[in-house]
Structure formats: C-alpha cells, structure tokens
Amino acid sequence: MPEMRFHIRWPDGAREACYSPSLVIKDHLAVGQDYPLAEFVALSRTALGIASERVRERYGFPCGRALAQLARIEEGARQQAPGAVHVEAFEE
C-alpha cells in the first residue's frame with residue numbers, strides 16, 4: 001500500500017507531519033485548505049479509519065500506525081484553542 005504524509009499547521013502555528021498508510025487522505029483533505037478544528041479531526045478520523053480498514057482487508061489486522069496517528073491528532077486538537085487547521089502539503 002502506498003504510504004504518505006500530510007503536513008498540517010495547527011491553529012497555534014505549530015507544524016506537524018502526519019502519517020497515513022494509504023492515499024485515501026487525499027479524498028478527505030485538500031492541500032491549501034483550512035478546516036475548522038472539529039471538522040479536521042472528523043475528516044482525519046474518517047480517512048485514517050478507512051486506511052486502517054484497507055490494511056486489515058489486505059493483511060488481516062488494522063494499521064497500528066494509522067490508529068496511533070489518529071490518537072495524536074485527537075490529543076493535539078484537545079490542546080488547541082478554537083481555530084483552523086491548514087493542510088500545507090501531501091508527501092508520497
């Protein structure tokens with residue numbers, strides 16, 4: 001499966017490179033877009049859930065790295081003031 005990273009900027013200006021085991025993230029987020037914090041978390045949850053399921057279908061177990069990335073996004077979002085997450089780039 002093609003792995004990728006999606007680079008984001010949190011509302012506080014911190015940048016982060018996030019992992020996805022699949023290109024499915026491109027179906028849910030767009031480079032250059034700003035997403036309200038809650039929407040970004042919801043879209044990430046959906047995309048990383050699909051990506052993890054694709055790993056399960058192929059290998060028989062969910063993707064631990066995708067689930068860990070989702071947990072990191074959820075934790076990071078809890079530490080942010082309301083605002084927008086900016087998607088800076090995709091890296092394949």
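If you're wondering where the values come from, they're calculated on a predicted model, not measured in any experiment.
- Taking CZ from R58 and SG from C63, the interatomic distance works out to 12.5 Å, rounded to the nearest 0.5 Å.
- Under the side-chain hydrogen bond (donor to acceptor under 3.5 Å, both in side chains) criterion, Y35 pairs with no residue, sequence neighbours left out.
- Residues in residues 71-87 take part in these salt bridge (Lys or Arg N to Asp or Glu O under 4.0 Å) pairs, two or more places apart or across chains: E16-R72, R45-E74, E75-R78.
- Residues L70 and W10 fall within the same hydrophobic cluster, defined by Ile, Leu, Val, Met, Phe, Trp and Tyr side chains chained together at heavy-atom separations under 4.5 Å.
- At a threshold of 4.5 Å between side-chain heavy atoms, the hydrophobic network of Ile, Leu, Val, Met, Phe, Trp and Tyr places V41 and I25 in one connected group.
- Under a hydrophobic-cluster definition in which Ile, Leu, Val, Met, Phe, Trp and Tyr are linked whenever side-chain heavy atoms come within less than 4.5 Å, directly or via other members, M4 and L43 are assigned to the same cluster.
- With hydrogens and angles ignored, the 3.5 Å screen pairs a side-chain donor or acceptor of Q69 with a backbone N or O of Y19.
- Not counting sequence neighbours, the partners of Q80 by the side-chain hydrogen bond (donor to acceptor under 3.5 Å, both in side chains) test are D12.
- Hydrophobic clustering, with ILVMFWY side chains joined whenever heavy atoms are under 4.5 angstrom apart, keeps L67 apart from I8.
- The hydrophobic cluster around I50 extends to V24, counting ILVMFWY residues whose side-chain heavy atoms fall within less than 4.5 Å of a member.
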Pair L48, I73 - check side chain to side chain contact (heavy atoms under 4.5 Å, CB included), show working.
CA-CA 11 Å; L48 291 170; I73 287 170; 4.1 Å; yes
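- Taking the side chain to side chain contact (heavy atoms under 4.5 Å, CB included) definition, one finds that R56 meets it with E53, P62, sequence neighbours left out.
- Nearest heavy atom pair, residue G83 against residue P11, reads C-CG, 3.8 Å.
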Would you mind writing out the side-chain donor-acceptor pairs for residues 85-92 within the sub-3.5 Å range, not counting sequence neighbours?
unit_1, atom_1, unit_2, atom_2, d
H86, ND1, D34, OD1, 2.6
E88, OE1, R15, NE, 3.1
E88, OE2, R9, NH1, 3.0
E88, OE2, R15, NE, 2.8
E88, OE2, R15, NH2, 3.1
E91, OE1, H7, NE2, 2.7
E92, OE2, K26, NZ, 2.2

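- Checked by atom type and distance alone, the side chain of T46 pairs as donor or acceptor with a backbone atom of A42 at under 3.5 Å.
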